Amino acid sequence: MDDYMTSLNHRQREAVEATEGRIRVVAGAGSGKTKALTCRYAYLVNVLGVDPANILCLTFTNKAAQEMRQRIHRLVGSGDYNDFVCTIHGFCVKFLRQEIHRLGYPKSFTILDDDDQKQLAKQVMEELGLNRTVETVGQFLDATANKKVALFLQQPNYIDRMMLTEGLSESFDSSALDPEQANDMAFARYLQLQKKTLGLDFQDLIFFTIHILKRFPDACQYWQNEMEYIMLDEAQDCNKSDWTIVETLQGIHHNLFIVGDPDQAIYEWRGAKPKMFIEFQNDKTIVLDQNYRSTSSILNVANSVIRRNRNRVPKNLFTTRSGGTKVTHFHGRSDEEEARWIVAKIRALCPPSDATTSLSDFAILYRASYLSRGIEQALVRAGIDYVIWGSVRFFDRAEIKDALSYLRLIDQGDDLSFLRICNVPSRKVGRAYMSRLKAFADHDGTTLYDALKRHISARELYKESMVHFIDLIERCRQLVEERMKLPILLDQHGTVVSTQRRDHVISDVLDMVLEESGYKQLLREDDDTDRLENLTELLQSVQSYEEAHQQDEVLSISSYLQEIALYTNMDLDDVKQGTPRPTANGQKPTASPKVRLMTIHQAKGLEFPYVFVTGLSEGIFPSMKTLRERKRDGEEEERRLMYVAVTRAEKELFLTESEGFSAAARLSKYPSRFLREIKRDLFVTEGDMDELLWQESSKMVKTLGLDFGQDDAMTSSSLPSSEDVFPPGTRVKHDILGEGTIIDFNEVRGSYTVQFGNGTRNIRGNFLKPI
DNA sequence: ATTTTCGAGATTTTT
DNA sequence: TCTCGAAAAT
């Protein structure tokens, strides 16, 4: 601990020791922000003696929470304490498991993922006869989400009424409605169906938490009291509701420590409010601007990118490590050439025989996930191992969801899991059969599965395949019940002796249901080894869960399902118990080192020795769509994204783009403004580039009306970068006006007031040469 | 009534 | 690359 403290610089130390009150830390990229946070947590526990149960430490992603937990663990020692090191959603789940009974929900409420919501939406649309070509399921869900927000803002007590049967469950007759109303009917129906599943989506987790905090003062006070110290990471990416929760929770102790970087705010598109970080009422602000990550060559590029943003609090990152290899720009004649160059570069820097560099030192970043395609092809051709980081995530895979749905059906018998797997593998039930079954269920007021069980012998429903299906589910349920009755045996030391049969109940049931349902057979017939392997892995992860919770009274299918519910978009390795942890820079210990491909958003918070930022073309990055929809704000956020990308690099940075036609942007590709904004002498260009193309780009941008500069000084590369600001008194020469003296520099306009022989003029820097 | 097949279209970012 | 919907085949 003490060692750790001495390794901090004085600002970091100040942050660690500022435990009381409202503290804000502005932490630039690579300035040791996580170090300060984890160390502060350890300081609270080890030096102040605060109980970890009273510290809330909120992160932005599950991955970040995971890493934070591990680093804290190393500093604080073992113990079951890291309960409240989590994402905001993770906190809400913990909160709601304890408090949601106030709203009439069971504490075992489920969390609805995208697929579940789609399922619900489809059902609603089908019922109300909404044409899916007019409005897709996705659009329907977007609209529903928006309506939910509006409803919550206008009348948050709708949540109270959710559980009352009146209010939302009138019978729906869509025929006599005009389209406008039909939409609201669909919305109401959606809420009604959702309520029936006793499930909350991600947004509900937040809303329900806020609602309970507001409506039940005793609950609110309890939690305010518990949360003696609150830390909030990535505060610039929090939205209004996130802030509401955090500000409410700090209501008694007022110890709120927030960390963020307005220059890395890249989630405004989904409602983040970086302004709330900037305007945060605080007792003390600490700025961490010493960068420990990158060389100065890289940092100069980063600074010269971000200083173009007008809406920003000025801050310049610095490093004591000067020099480093100059940043390289590559211009390809086609996207294939761009990809080939990247691959060749990697080969050159990391020859197969070399032990000093590893393929895992390389990251290839892009604006949108579909851009990985071309690069992948080139990598495959060159025989370089790569992984696409966080693309198709383990728990998002169809076979995993199917398997978990079987488990959920056995445990809960709910409609959503039933709908997902009742015909997988095919039991020859289609739309017609399902609507008959639905009629039975509606009539009885039961779930689909219960209705099926009860009426299977009815003429309309009888089907041999379904008889088998029911039989299988029932046998699984019996097995679970039988096993759960077995007591946990402890010896005199309190250790578990013989729970074999009980321990493995979840994995045994899972195995049984996948085998006997014919699900595995289906995959074997398709020779789908990948998916079979995934199922094996799932089984193993269930087993390790069972082992980790051996002594737990609550070990059950539902506890397992609840545990993984929030981690559904993480890789299996992160969820598995007892697996090796990611290293400090977010790398996963993989058997063979691999180049990593990811979107810039996914790269946030990570660092790599060698970074390629690819697809730097107008319309792709910055993205045309963003520019069109959000104008200048959009452009500034894209620029911050560029800043994030650039600051990922430790040793060397490569910026690549190519000519050709961009299908997404529907136009020919030109070098991105973000490239053109960097001073030319900060990077070298490789590849065969026509200087004219470079010049053309800004014209092209202007014709499209997508340049948001307030005047020419901002759009062209004339804005002087900090290194070459002429101080007042400098003698300069102008081609036409002759020699003069700098009087002043106007930061906003990017121009100098110059005293010439015949009076003063405001002149932009690139028209002036020092004498 | 259900399943299969085929072609077209669309692709940001996350909890 | 993947998803979705419509038409053809069983």
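First the proteins, then the strands, lettered A, B, ... as listed; each starts at 1. Excluded from the calculations below are hydrogen atoms, water molecules and symmetry mates; all remaining heavy atoms, backbone and side chain alike, are included. Note that the structure is a prediction, hence the values are computed from the model and not measured.
Of the C1' atoms belonging to B/dT13 and C/dC4, the separation is 23 Å, rounded to the nearest Å.
Protein atom CG of A/Asp242 is 12 Å distant from nucleotide atom P of B/dT15, rounded to whole Å. Rounded to whole angstrom, the span from the CZ atom of A/Phe95 across to the P atom of B/dT15 amounts to 22 Å. Atom CD1 of A/Ile375 and atom P of C/dT1 are 15 Å apart (whole Å). Counting to the nearest Å, the P atom of B/dT15 and the NZ atom of A/Lys148 are 18 Å from each other. We find that CG of A/Asp116 is positioned 17 Å from P of B/dT15, with the value rounded to whole Å. Rounding to whole angstrom units, CD of residue A/Glu268 and P of B/dT14 are separated by 17 Å. Across the protein-nucleic acid pair, A/Gln66 atom CD and B/dT15 atom P stand 13 Å apart, rounded to whole Å. Between the C1' atom of B/dT2 and the CG atom of A/Asn423 lies a distance of 9 Å, rounded to the nearest Å.
Ranking B/dT13, B/dT2, B/dT15 by closeness to the A/Ala432 side chain, first place goes to B/dT2. For A/Lys118, counting side-chain heavy atoms from C-beta on, the closest listed nucleotide (C/dC4, B/dT11, B/dT14) is C/dC4. Closest approach to the A/Arg436 side chain among B/dT15, B/dT2, C/dC4 is made by B/dT2 (side chain taken as heavy atoms from C-beta onward). Side-chain atoms of A/His601 lie closest to B/dT14 of the nucleotides B/dA1, B/dT14, C/dC4.
Between A/Phe654 and A/Phe612, the ring-plane angle classifies as parallel under the 30° and 60° cut-offs.
Ion pairing between A/Arg71 and A/Glu67 holds under the 4.0 Å rule for side-chain N and carboxylate O.
Between A/Tyr267 and A/Arg373, the residue whose closest nucleotide on DNA chain B is further toward the 5' end is A/Arg373. Each of A/Lys428 and A/Ser623 has a nearest nucleotide on DNA chain B; the 5'-most of these lies closest to A/Lys428.
Counting atom types as modelled, A/Arg270 pairs a side-chain N or O with a base atom of B/dT14 as donor and acceptor under 3.5 Å.
Within the structure, a side-chain polar atom (N or O) of A/Gln602 is placed less than 4.0 Å from OP1 or OP2 of B/dT14. Neither OP1 nor OP2 of B/dT14 sits under 4.0 Å from any side-chain N or O of A/Asn239.
The main-chain N or O of A/Leu461 is never found under 3.5 Å from a side-chain atom of A/Arg436 such that the two would form a donor-acceptor pair. Distance alone, capped at 3.5 Å, places no donor-acceptor pair between the A/Arg408 side chain and the A/Leu561 backbone.
Nucleotide C/dC4 forms a pair with B/dG7, judged by Watson-Crick or G-U wobble geometry with both contacts under 3.5 Å. If you check B/dT14 for Watson-Crick or wobble pairing at under 3.5 angstrom, you find it has no partner at all.
No side-chain donor-acceptor contact under 3.5 Å links A/Thr197 and A/Gln194.
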